[in-house]
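Because the structure is a prediction, the values reported are computed rather than measured.
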Amino acid sequence: MPEHSTFDTIESSQDFVRALRSASDPPTAGGPLKVEIAQLAWNNASFYVPSKAELIADWVLTKLLKEKGKEVPINPIFDARYWKLLSSLNLSQDSASPTAERRPTKTWLIPLLHRVPLGPVVVSFLSLFKAVDEKDQMHIADLVSSCLSTLWPIAVQRMNTELLQECYGSLLNTLSLGLNNSGISKLGRMVSTSYHNSLTNSSNKKKLAQSFLQTHLRSWFQALSAPSASHDGSFRSAILDAGVETLFNLDVLRQSYDSKNENFFVESLEKIFSTDGDLVMQNLPILLAQYISANKKHRGALFSQGSQAQSGASLDELHETGMRFFSLILGLVKDSNQGCQAWQTRVLLLQIVERENIFSSKQLDSQITFNRILELILVALNDGWKQDYLERTSLAVQCLSTIAKIDFDLVIPFVTRCLPLLLQIPTSEHPLEFLGILLSYHTKTRTMTDFIQNLFASLSSRNTLPCSSRETYQRCFSSSIMSTAHLERLSRALQSFLTEGQCIPMTNLVFDTLKASWEQVHRISRRHDGEQEQSKAKTKIGTTIENDAEELAITYSLVAQLSSLVLSALPLASLSSTNLKTVQQLLVDFRTDFVHHTLLKSVKAISKQGNSDFWAGEVSMVANLRLLYALDISRNLALPVEINEKLCKKMLELAFHDSTLPELNLELFRLLLYTQSLESRQNHQELFDRLLLYLEKHFSPAGNQWSGHGHHLTKDESGKGQAALAIMHLIIERWMPEIDRLASSKQLERLLKIILSIQLPSNPQSSQELRPEHLLLEVFHSAQFWELPNIRDVFLDLLDKMTSTPEATAPRAVDLARLQIYRYLLFIPMEYFSWQLFNDLVKRVVEADMALCQLVSDHDQGATEVLITLRIFLKRAYIYSGSVAQESSTELAHFLVHLLETPMPSHGSNPDFTKATLDLAQIYFSKLLKVSKKHGAGALLKVLKTFPPDLFVDSQGMSSANFIALVDLLSKEFPPTSLPEEVVAAFRQLHVQISSSLMPGIISATETPLDSVNLEKITTLCSGWHCLLSLGKWLGSTATTIAFVGEKLSSMVLRSMKVGKPFEFDGLCVTTLAILLQEIGSRPLTEHPKHLEFIIAVYLEFFDAVDKASQKELDDHLARACKGLELSDYIHLQSLVSESLSNVEVLRRHLLHLVHLAALLLREHPSHSLVHIQKFATRCIHIFSEKDHFVRGPIMLRLEVLEMVAQHCSYQQAALRSLDAAGIWLLLSKYLAPSVVHDQDTEPIIFHKIVAILSSLIRLRRDLVSHALPHLGMILRQLLLCMRSCRPHLGAKQTSIVMNTQPLWMSASQPLGAEEAKILGRLLESLNTKTTVRVLSSSATSENQKPESLAKPFSKHAVYVLKAYIEAMNDPLCLLPLDVRKELQPGIFALCSMVSEHSRDSLMISALDGGGKMTFKALWKEYDKQRYVGKG
């Protein structure tokens, strides 16, 4: 409504008050509402009302209070206009009218808020908020929270705790709806904090706690997990603290402690639990943690503290109270509840008990609680093998581990019952953690024998699972007890903690357990054989016996696996000679009498079965073979070699059977290969034949994988394939040298054919499973493989045969599989080829390349991949030998034309194919250009004719890319004078033809708006244009008709970059700048300054927009151009950059890139420009030291400045002058100057750069440093003081005292470390190093220089640097960590060696306090210990 129409009826302040107090709203029919009238009156500064703000605020708050119970649509609390009006009043603390009464806001606002309570309004707002339309909730909540942020702190002073609890309860009810609202979060933080503060001072805490339990406990639980609380940690903390203070304040805790009863709390939880158990279980850990924390907080007031109390009594009472509460709330989770949420709750509760360390063995009731939990764990583990219960099982094992951490004595009675159950659970993190705790306990108590005995007992008494024996076998060997991780830890523990007195009993225990288990297997095997001879009527009995035999065989396999580990880990090295001989003799007798004997029986039993399935016998034999192999190869046991020839012969016969278990075949071949390596008399040729026969029959070169565990090798075709893969892995990893030594050439060829049948992966990926391609890559990457002479010779002969076949060069797609052999060439070191084979391979690769080229355009991805391989091999061959396959120029030209005419792959652009082709073409161009002057230019001219005039306009194939590569090669390596005149004339003709074809297109491109459709085409045209400009420069062309398109092109690109995505234009940006740089030489000298200014502007814009790789390309183009600039142009560039650096305010956005450009100009320059380089460097250094922005600006700018100075000092040290040195000292001192403000993170690279600058000056320009030794001393002092770090737990003021002495780039939370101390120590040591000065002088002067150091000149200043070190050591607020002092020590000792006795005594007497003197004495004592005094 217009303002004048409103005030037509309101002419005075009385009318305004009368309107607000009117009984109807609006006051006049058809007029504005009261809130609109109030808003207009407030906005109208000329309308005078005494105490206008107070009057309006009183009316608004009164209306909100009176009408708080109305429905949401008509409730003023949810009308944004009222809150906006209140906000404007609060924001405008004084009246807007210059004639208004100026009353401070607090004089009327505080009484008003005390008179009109705000609490009921907030309660109503929070209670009814859920009824607000969702789209309006965020807006109204933000308005209310913003307005109340000013009103609430005043209003809350007159609110009682009961009202605040009502506000808090309303908040909890609102949050329980799952809202995620920032306004509600802000309001809730205020309400929660106010309620918490009021409750702390309340005298009615017990009643408030009862009210909270009855009314708000459920909503409190729900609010703690609400989205608003989850996303805002401080808000959740405020809600949690308020609730905890209500439930666990001192009065409530004292009441529960005096009565020893928390039933009132538990009953409330049970009521909620009956309807929403998951909600209660989710919050039980929070309650326990907060309960214990509250008891700790009020420990002095709750527990006995009198003079008669015993020491530690209060702590025991605290722990007992915590455990009693733990038992109570744990009782809410019924034992019958086996769900994952219940187990998760038990885990978290137990972890709190473990973390707070509140359990004591004196607490008998608590022990009963733990025993009940352990029984539940056993019930859960009993079904742990089931796939559906894996999560529950994991949580149960976590509970078991946590109880073991609380007190291992609680778990000891249950260990023998737990271990058999763990045997059926798959390997995972939590069972391994429990086994680690168990192992740690037995190592600490030196009871490893008991642990091994328990493990053997668990293997023998394992539960029978309702699945087949094969599945049980795999499940048991996949368990955590039999996992590699646990067995390795067990082995280390036995070697470290098994005592000498336990060694022989442990050995006998293993022997007895093995023999007892074997007797059971052997007995049931004899019964099985007896039943087979009886009639078929007893089939059921035979099946039962067979099942029993398989179960016993599984048990024996597990026992044998554990026995082999225990025996191999016996600590024989720590035994006395008597006990050592005893144990070794026991082991030798056991191997002969038991292992060999049982193996012979097993072989006989398996052979007797023929082709029938005798899984139990085979598994038992596998276990014995592993046991024998472990005993034989153990270096720890060092048993004498003993080979049973009869056993080896029987095993070799058994390995030939196709029906043998694949796992048994693997172990047979492993042991047979080991025995033949000991030069036994067995027939190794027969062994290798059978081994190769097995591989040829079962090895699959693709689609096969193995887990690495023998128990996964099942008795089917898949298992046989995996066994073949395992055997191949065994050969490659362990037995290649033996096979190379003993196998015949035919056998080696058969083995290599199997290996080469594996296809190389296109994209090798890491995997937990072993695959055939992993073996192939392992062979090719093995240095040992290539050093085996017999295998290498056979491999190269085989390679020769495979590449010389006619099919290898046939241009048919069906033969591509045969051509994959060429991919192996990239893995073979060139040094191992004979020259004859090398030359043959190169020729065959060339033939294959020419034959395959036509398949690239026939949608054949395989042909493209092979061509990439061939061309990479030809490139490497050229790099290795320095020659190409073609001998004559004609052949060179023929193959080069073939490369130029290679079509692009029809299935899409392939960067690898393009790069391989361009690299190879460049090699052949180089070769042809080199021989053109000696052998004639005909061949080269023939190649040049293949480039069409429109190769950039109608780009087909790779001609355009090859032409660009050719021009680049000419520019870098072949000046026109090195080539025949007819070749230069041909290039000139090509230049004219291509220019005339390309010029219309490039001119049109500059006038066409860039978009994603034509971007690639315009980029190609620009690349061609830049190539022509480069060729024209190479030819020395002086044509003035050339079109200057660089500036138009740059403007077009810059306009397009503002609209599109900058990274899409990276390639075009690089080419555009290259064109601009090439156009310099074609322009008149008078235009050069303006053109260079344009180039710099474009460079800065492009450099800011492109990625790192493109930035490097921009730098490369500019660097090449700088080297060829006229001296006047180079000077103009320098002045332009230096002026831009001086104009900090205007060019602040580009300063980083300007500094980078300045460094490039110093590094890349034309000849005869030393004087100008020196002036430019001096000017830049002085600008850096004068302008604070380079010292205190963005971190990247500071790093770039230091990088430029470090680069100049290191690479152009001869150009340094005394003026430069003065500027450098000033600049470094500013970087190291103390600062009141600091960066958020320490930037150690700044420290490294400063040290690098100083190191270059000291080593290379001692003459400049010797005139500024006081400056060097001050810089070194500042560097040493930078090594200080703040002591832990310093207050804010103390920290600021320390940090005010540190430079800007250092942070208190991240001090410099040992790496920085190390480089600073080396810098101090370099003061003693003798060097020669690097200056521009005659050679005679350089030869007459005598190497000297700065030790003597600096000796008078070294003492002040030492003083800085002592100050850092003695600072009470700082420390120098041990690793920092250790790395600094060589440098500090170097300073000590420079200091004279007089300077040392002066420092001791006059410059140090008592602590400093002690530190200096200790330092000098350490220095004297290591000082060389000339006596040895």
Closest non-hydrogen atom pair between S483 and L432, with its separation: OG-CD2, 3.4 Å
Flag, side chain of Q561 to backbone of M482, donor-acceptor distance under 3.5 Å: no
From CG (L552) to CD (Q520), nearest 0.5 Å: 5.5 Å
N/O donor to acceptor pairs below 3.5 angstrom from side-chain atoms of residues 565-573, sequence neighbours left out:
unit_1	atom_1	unit_2	atom_2	d
S568	OG	S564	O	2.7

Criterion side chain to side chain contact (heavy atoms under 4.5 Å, CB included) on F451 and Y441, from CA distance to verdict: CA-CA 10 Å; F451 183 46; Y441 170 79; over 6 Å; no
For E433, all residues meeting salt bridge (charged side-chain N to carboxylate O under 4.0 Å, His left out), sequence neighbours excluded: K405
pair W518-V559: side-chain heavy atoms closer than 4.5 Å: no
Residue pairs fulfilling side chain to side chain donor-acceptor pair (under 3.5 Å) with at least one residue in residues 627-641, sequence neighbours excluded: R591-D632
Stepwise side chain to side chain contact (heavy atoms under 4.5 Å, CB included) check, H711 with S478: CA-CA 8 Å; H711 54 270; S478 300; 3.1 Å; yes
Polar side chain donor-acceptor pair, T578 to S576, under 3.5 angstrom: no
Basic-acidic side-chain contact under 4.0 Å: E519, K515: no
Any pair counted as side chain to side chain donor-acceptor pair (under 3.5 Å), so long as it reaches residues 619-628, sequence neighbours left out: Y556-N624, R626-E663, R626-E667
Residues S574 and E500: side-chain donor-acceptor under 3.5 angstrom: no
W706 side chain to E769 side chain, donor-acceptor N/O pair below 3.5 angstrom: no
Cation-pi geometry met for R392 and Y389 (6.0 Å, 45°): yes
Check ion pair E645-K650 (N to O, under 4.0 angstrom): no
Expected output: side-chain S440 to main-chain G436 donor-acceptor under 3.5 Å: no
Other residues, nucleotides, ligands: >12 heavy atoms within 6.0 Å of E429 CD: no
L439 backbone acceptor or donor facing T443 side chain under 3.5 Å: yes
With F497 via ring pair (Phe, Tyr, Trp, His ring centres under 6.0 Å) - residues at least two apart: none
Any pair counted as side chain to side chain donor-acceptor pair (under 3.5 Å), so long as it reaches residues 694-704, sequence neighbours left out: D658-K697, D658-H698, E696-R750
Distance-only side-chain donor-acceptor flag, R475 / Q424, under 3.5 Å: no
